[in-house]
Visitor: 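Here it is: the structure, laid out below.
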Protein chains: 2
Amino acid sequence: MDTSSNEFLRGTLKTIVLKLLAEQPATGEAKSRPGRMYGYEITQAVKERTKGEITLSFGALYPVLHKLEQEGLLITETEEVDGRLRKYYSLTPTGNKAAEQKVSDFERFMEAMRTLLLTPPQLATGH
Amino acid sequence: MDTSSNEFLRGTLKTIVLKLLAEQPATGEAKSRPGRMYGYEITQAVKERTKGEITLSFGALYPVLHKLEQEGLLITETEEVDGRLRKYYSLTPTGNKAAEQKVSDFERFMEAMRTLLLTPPQLATGH
DNA sequence: AATTATATGTAAGATTCCGATATATGCAAC
DNA sequence: GTTGCATATATCGGAATCTTACATATAATT
């Protein structure tokens with residue numbers, strides 16, 4: 001019964017990941033790198049912030065992360081935490097720009113969708 | 001160099017088509033069926049109303065139209081106009097409900113995306 | 001005569017995503 | 001003490017979706 005959501009998710013996954021990383025500004029403390037997140041953390045953050053409306057599957061997330069890394073938008077640091085390996089992802093400068101670009105692209109797209117889906121038909125008369 | 005848009009279009013095509021047909025309420029005149037549109041007309045309408053921001057390709061549109069027809073959401077009427085065959089699509093009652101459902105699903109999705117992409121990271125204590 | 005706009009459609013291929021599966025640790029319950 | 005759950009990363013097969021290019025055809029314009 002996963003309601004809708006996943007259907008529209010197509011094409012927005014990269015944007016979500018990039019934006020999440022972009023808005024993690026050095027959580028203070030001893031962490032030197034800004035915007036570090038690991039895969040599992042990303043899925044949890046998305047689930048929590050959207051109140052379960054959007055859920056990222058691992059089968060979709062990890063390939064995207066790997067691809068973004070290949071494209072030079074992310075860099076990884078593997079650390080051992082509690083005896084387990086954890087892989088942190090953070091944005092490169094290029095990735096940061098890509099994040100901003102993607103978000104603004106998506107805003108434009110949403111605006112266009114609004115004119116399609118939420119415009120009453122009578123406004124279509126342009127004279 | 002296709003400017004963004006198309007990237008996010010994934011998964012929204014059906015919604016767009018259903019909504020366009022749903023909001024065409026018997027354009028008056030002699031037309032008996034409400035919401036009749038043909039494929040080419042749909043692409044033009046989307047292009048015009050989004051000022052070129054969103055462009056549907058025929059290779060994507062026609063398969064979607066055929067599938068929606070198979071699913072019983074659309075019915076077709078083929079007529080000859082100016083010596084050419086033209087295929088009109090209109091919503092069935094089921095298709096009408098599907099249109100409303102899809103649009104409201106998409107609104108929920110957009111709301112979720114807003115909380116992800118447009119939420120200021122003020123929680124991160126900007127000391 | 002050639003091009004553009006109109007009009008519908010198919011086929012090959014790439015991309016993207018989901019679900020299942022595999023592996024492995026820490027912890028709480030029982 | 002082992003079963004199950006949360007944490008954690010990752011791959012694979014398959015399905016769905018979209019793009020590009022192609023095929024066909026008429027009417028109007030140049």
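Note that these values count all heavy atoms, side chains included, but never hydrogens, waters or copies made by symmetry.
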Visitor: Taking a hydrophobic cluster as the set of Ile, Leu, Val, Met, Phe, Trp and Tyr residues connected by side-chain heavy atoms closer than 4.5 Å, whether directly or through intermediates, do B:L118 and A:I42 fall within one such cluster?
Guide: yes
Visitor: Under the rule for side chain to side chain donor-acceptor pair (under 3.5 Å), what residues qualify as partners of B:S104, not counting sequence neighbours?
Guide: none
Visitor: Is there a side-chain contact between A:Y88 and A:M37 in this structure, where contact means two heavy atoms from C-beta onward sitting under 4.5 Å apart?
Guide: no
Visitor: Restricting both atoms to N or O, compile the protein contacts to nucleotides 20-29 of chain C shorter than 3.5 Å, with distance only.
Guide:
| from | atom 1 | to | atom 2 | distance (Å) |
| --- | --- | --- | --- | --- |
| C:dT25 | O2 | A:R84 | NH1 | 3.2 |

Visitor: For A:R86, enumerate each residue passing the salt bridge (charged side-chain N to carboxylate O under 4.0 Å, His left out) test, keeping only those at least two apart in sequence or located in another chain.
Guide: none
Visitor: Mind calculating the distance between CG (A:L9) and C1' (D:dA16) to the nearest angstrom?
Guide: 14 Å
Visitor: Using OP1 and OP2 only, check whether a side-chain N or O of B:K87 sits under 4.0 Å from C:dG9.
Guide: yes
Visitor: Could you list the protein-to-nucleotides 12-14 of chain C atom pairs, N/O on both sides, closer than 3.5 Å?
Guide:
none

Visitor: Rounded to the nearest angstrom, tell me the gap between atom CG in A:L61 and atom P in C:dT16.
Guide: 14 Å
Visitor: What is the separation between atom CD on B:E7 and atom P on D:dC18, rounded to the nearest whole Å?
Guide: 13 Å
Visitor: Send over the distance from A:L56 CG to C:dC18 P, rounded to a whole Å.
Guide: 8 Å
Visitor: If we only count heavy atoms from C-beta on, is the B:Q44 to B:E48 side-chain gap below 4.5 Å?
Guide: yes
Visitor: In whole angstroms, how far is the C1' atom of D:dC18 from the CD1 atom of B:I54?
Guide: 15 Å
Visitor: Is the shortest side-chain N/O distance from A:S57 to OP1 or OP2 of C:dG19 below 4.0 Å?
Guide: no
Visitor: Between B:K14 and B:E71 (salt bridge meaning N to carboxylate O under 4.0 Å), is one present in this structure?
Guide: yes
Visitor: I want to check something: taking the side chain as every heavy atom from C-beta on, are B:Q24 and B:R36 in contact at a cut-off of under 4.5 Å?
Guide: no
Visitor: Mind listing the side-chain donor-acceptor pairs of residues 57-67 of chain B below 3.5 Å, one per line with the distance, residues two or more places apart or on another chain?
Guide:
| from | atom 1 | to | atom 2 | distance (Å) |
| --- | --- | --- | --- | --- |
| B:S57 | OG | B:A60 | N | 3.4 |

Visitor: Flag the pair A:D105 / B:F8 as yes when at least one side-chain heavy-atom distance between them is below 4.5 Å, and no otherwise.
Guide: yes
Visitor: Side chain of B:Y62: nearest nucleotide among C:dT8, D:dT17, D:dA10?
Guide: C:dT8
Visitor: Whether A:K67 contacts C:dT15 is assessed here as follows: a side-chain N or O lying under 4.0 Å from the phosphate OP1 or OP2. Is that the case?
Guide: no
Visitor: Can you name the nearest heavy-atom pair linking B:E53 to A:F109, along with the distance?
Guide: OE2-N, 4.5 Å
Visitor: Return the nearest nucleotide to the side chain of A:H66; candidates are C:dT8, D:dT19, D:dA10.
Guide: D:dA10
Visitor: On DNA chain D, compare the nucleotides closest to A:P63 and A:V81; which residue's is nearer the 5' end?
Guide: A:V81
Visitor: Could you give the OH-to-C1' distance, from A:Y89 to D:dA8, as a whole number of Å?
Guide: 11 Å
Visitor: Return the 5'-most residue of the pair B:G11, A:R86 with respect to DNA chain D, ranking by each residue's nearest nucleotide.
Guide: A:R86
Visitor: With heavy-atom distances below 4.5 Å as the criterion, would you say the side chains of A:K102 and A:K19 are in contact?
Guide: no
Visitor: For DNA chain D, which residues in residues 37-46 of chain A have a heavy atom at a distance below 4.0 Å?
Guide: A:Y38, A:G39, A:Y40
Visitor: Without decimals, in angstroms, what is the distance between B:I16 CD1 and D:dT17 P?
Guide: 14 Å
Visitor: Do A:I54 and A:L56 come close enough that some side-chain heavy atom pair is under 4.5 Å?
Guide: yes
Visitor: Can you check the B:E48 CD to C:dT6 P distance for me, whole Å?
Guide: 10 Å
